[in-house]
Amino acid sequence: MSRARTRERVFATRTAVGALCLALVACGGEGTEPPLASKAAGAAGAPDGDMPDPPPDPNLPYATEVVDFEPGVGAGYGQSKLPNVVLGPPSGSGTDHGSLDVLSLGKGGSIVLGFGRFAISDVPGPDLVVFENPFWPGGDPRQVYAEPGEVSVSEDGETWRTFPCDAAGDGEGHFAGCAGVTPTLVYDPAVTLPLDPVVTGGDVFDLSAVGLVTANFVRIRDVSAFGDAPMAGFDLDAVGIVNAVTRPAAP
Ligand SMILES: [Ca+2]
Ligand SMILES: [Ca+2]
């Protein structure tokens, strides 16, 4: 990333955090500059443990368990609401609102999720959707406030296939192959089941791109590229399955 682009992005980040504070009315008293931490941690007045999430509905095609979590530098936001904060459906609601029902992975942090009785099955097109809390400051998708994450999938939780992710981006709001870029648009069971990423938003991944037919686990690793800025990295809201198939019963 060029220095110029870095400066542009830090400026966009500060602007974005301020916009989020205005949108959420959750950033403390007047004149208090919001911390440049992450979109979630940036909402400094918003407690991360306000109301516990309900347990995930095992009949919905979303992650149902946290298999592993390795916090990175600056993690902390959302940890008091684990595991349910990253299970079940997403909580975002548009291009100008980032969900606060998230877990900040911290810089370099990673998490592994499982899906209970469901497996991810390859169908033509996208097979899974990762929901973070990116949004568009001023409504401009080229200025998306993104904290990219690298996504991997696995059948057994030990051998992983990773989707290549351009964490530096192109400066026009594109971070090819990364999660944490496309805003969550809506969640309404009446219109979003089966999961349709065109309706819900979120970042989509196709198992066939990494040579898998089935996956039972998803790993997300923060690769947010903000130099030495004190970011808290990728803010995970939820992970959903487009074509969920029931796993065979254990013998
Ligand atoms: Ca596919
Ligand atoms: Ca969530």
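Remember, it's 1-based here, ligands and their atoms both numbered in the order they're listed. Throughout, residue positions are numbered sequentially from 1 according to the sequence presented.
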What I'd like to find out is whether the side chain of V153 reaches to under 4.5 Å of the side chain of F205, using heavy atoms alone. no
Would you say V242 has an N, O or S atom lying under 3.0 Å from the Ca ion (ligand 1)? no
Metal proximity, A209 vs the Ca ion (ligand 1), N/O/S cut-off 3.0 Å: no
If I take the Ca ion (ligand 1) as the centre, what angle separates the OD1 atom of D122 from the OD1 atom of D127? Nearest 10 degrees is fine. 90°
All heavy atoms of L105 vs all of S110, minimum pair found to be CD1-CA, 4.4 Å
What verdict does the side chain to side chain contact (heavy atoms under 4.5 Å, CB included) test give for V199 and V186, after you've listed the backbone C-alpha separation in whole Å, the side-chain angles of each residue and the deciding distance to 0.1 Å? CA-CA 7 Å; V199 175; V186 64; 3.6 Å; yes
Restricting to N, O or S atoms of D206, which is nearest to the Ca ion (ligand 1)? OD1
The Ca ion (ligand 2) as vertex, arms to O of V85 and OD1 of D237: angle to 10°? 150°
Looking at D237 and P90, would you say the former's side chain and the latter's main chain have a donor-acceptor pair under 3.5 Å? no
Please check: side-chain N/O of N133 versus main-chain N/O of S99, any donor-acceptor pairing under 3.5 Å? yes
